[in-house]
Amino acid sequence: MPPETLPGTHVEAIELRRIALPLKTPFRTSFGTETERDILLVKVVTADGVGWGECVAGIEPSYSSEYIDGAQHVIKQFLAPDVLAEKSTSAVRFADLVAGVKGHRMAKAAVEMAILDAELRHAGVSFAEYLGGVRDRVDTGVSVGIHDDIGELLETVDGYVNSGYMRIKLKIEPGSDIEQVRAVREKFGPDLPLQVDANTAYRLSDARHLARLDEYELLLIEQPLPEDEVRAHAELALKVSTPICLDESVTSIQAAADAIELKACAIVNIKAGRVGGYLEARRIHDLCWGHGIPVWCGGMLETGIGRAANVALASLPNFALPGDTSASDRYWATDITEPFVLENGRVRVPTGPGLGVEPLPDILDEVTTSVETITA
Ligand code: OSB
Ligand code: MG
């Protein structure tokens with residue numbers, strides 16, 4: 001379905017709902033530990049039905065500059081009034097409509113996603129079909145938080161390998177890197193697809209240290225250096241043989257194009273929230289494809305709402321590596337939608353209209369901590 005065929009819709013109200021969901025196990029990265037997620041869901045109420053979006057901003061501005069209260073504020077004060085003032089809005093026009101608001105990509109992505117869901121539900125078209133998906137299941141990996149104890153790390157990885165996950169990603173930071181990777185390689189052997197994610201925890205001066213990872217034949221090292229140090233990633237790439245993948249640095253298609261041109265990355269992690277929405281995510285997919293740069297779908301510990309859209313995105317042709325699109329039970333005791341399940345290392349792409357999943361009303365009520373509704 002070509003993008004311009006979206007019907008457009010009149011948004012009558014925007015509901016901002018906060019939910020609290022405890023993670024099954026704490027998730028530790030180089031920027032902190034999360035034990036419970038506080039998530040902002042966006043529901044647009046239109047003349048043609050509703051649409052759902054999920055904001056991936058964290059409680060604190062530690063992955064990027066965005067955080068959940070800021071996202072809710074910018075939606076309420078700036079994005080929602082722009083949308084509610086329009087007679088007819090479409091996801092394809094949303095980015096231009098809110099171009100006067102700089103940044104706040106996670107906030108924008110959540111609203112665009114809700115509008116897109118409403119339009120696609122009304123049109124009877126799934127996210128995957130609209131975005132250009134080519135498979136009905138996506139290869140799935142799992143992101144493993146930092147563990148202080150190597151024995152516990154090996155146990156955790158063993159559990160995920162036995163569940164069938166197709167690759168393991170280890171979160172790393174200085175002091176928890178080489179030994180952990182070596183231990184996992186020794187226990188699981190050379191055939192386990194393995195990669196690491198530093199979430200900006202290193203400096204270019206660590207190049208020789210990071211080159212010690214080379215002997216472990218990792219698929220990639222994700223975002224070793226700070227977000228705005230794109231050129232330094234290009235220098236690092238000359239000093240390590242492990243392919244470099246960017247996450248935090250790729251905030252837009254322009255940033256992706258510059259990083260590719262500078263040879264700062266050989267692989268790109270695509271997260272719709274980070275780049276302002278699923279439409280920009282698709283453009284980055286296409287750009288990378290044209291440059292022979294494989295991509296994979298990142299994750300931000302989403303509920304079934306965000307996961308449905310991520311899995312649809314991951315069904316596009318240049319998603320060549322397993323994504324952080326793990327099954328619901330990797331994160332939650334009870335997801336807010338029908339759970340996504342792992343089947344032979346893959347997760348099924350929803351086929352119903354729009355996201356193809358909805359929050360289950362009873363569960364949603366139970367986990368809701370606040371609701372505010374904005375009208376014109
Ligand atoms: O860097 O990919 C990341 C979670 C929160 C913030 C940043 C990241 C992550 C993950 C989790 O790695 C991936 C997932 O959702 O399974
Ligand atoms: Mg990452």
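Index from 1, following the sequence. Given the structure is predicted, the values throughout are model-derived calculations rather than measurements. As the structure lists them, so they are numbered: ligands from 1, and atoms in each ligand from 1.
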Original post:
With respect to the Mg ion (ligand 2), what is the nearest N, O or S atom of Glu222?
Top reply: OE2
Original post:
Which of the N/O/S atoms in Asp247 sits closest to the Mg ion (ligand 2)?
Top reply: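 Sorting the N, O and S atoms of Asp247 by distance to the Mg ion (ligand 2) puts OD2 first.
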Original post:
Under a heavy-atom criterion of less than 4.0 Å, does Lys169 contact ligand 1?
Top reply: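 So Lys169 counts as touching ligand 1.
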Original post:
Measuring from the heavy atoms of Glu222, does anything fall under 4.0 Å of ligand 1?
Top reply: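 Under 4.0 Å: yes for Glu222.
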Numbering as shown, the atoms of ligand 1 that approach [X] to under 4.0 Å (heavy-atom distance):
| X | answer |
| --- | --- |
| Asp247 | 1 (O), 2 (O), 3 (C) |
| Met300 | 5 (C), 6 (C), 7 (C), 15 (O) |
| Lys171 | 1 (O), 2 (O), 3 (C), 8 (C), 9 (C), 10 (C), 12 (O) |

Under-4.0 Å heavy-atom contact with ligand 1, by part of [X] that carries it:
| X | result |
| --- | --- |
| Val142 | neither |
| Thr325 | neither |
| Thr29 | neither |

**OP:** Give the residue, atom name and distance (to 0.1 Å) of the protein heavy atom nearest atom 15 (O) of ligand 1.
**Re:** Leu301 N, 2.9 Å
Original post:
When you measure from atom 4 (C) of ligand 1 to every protein heavy atom, which one gives the shortest distance, and what is it?
Top reply: Phe27 CE2, 3.7 Å
**OP:** State, with a plain yes or no, whether a side-chain heavy atom of Ser249 is found less than 4.5 Å away from one of His233.
**Re:** yes
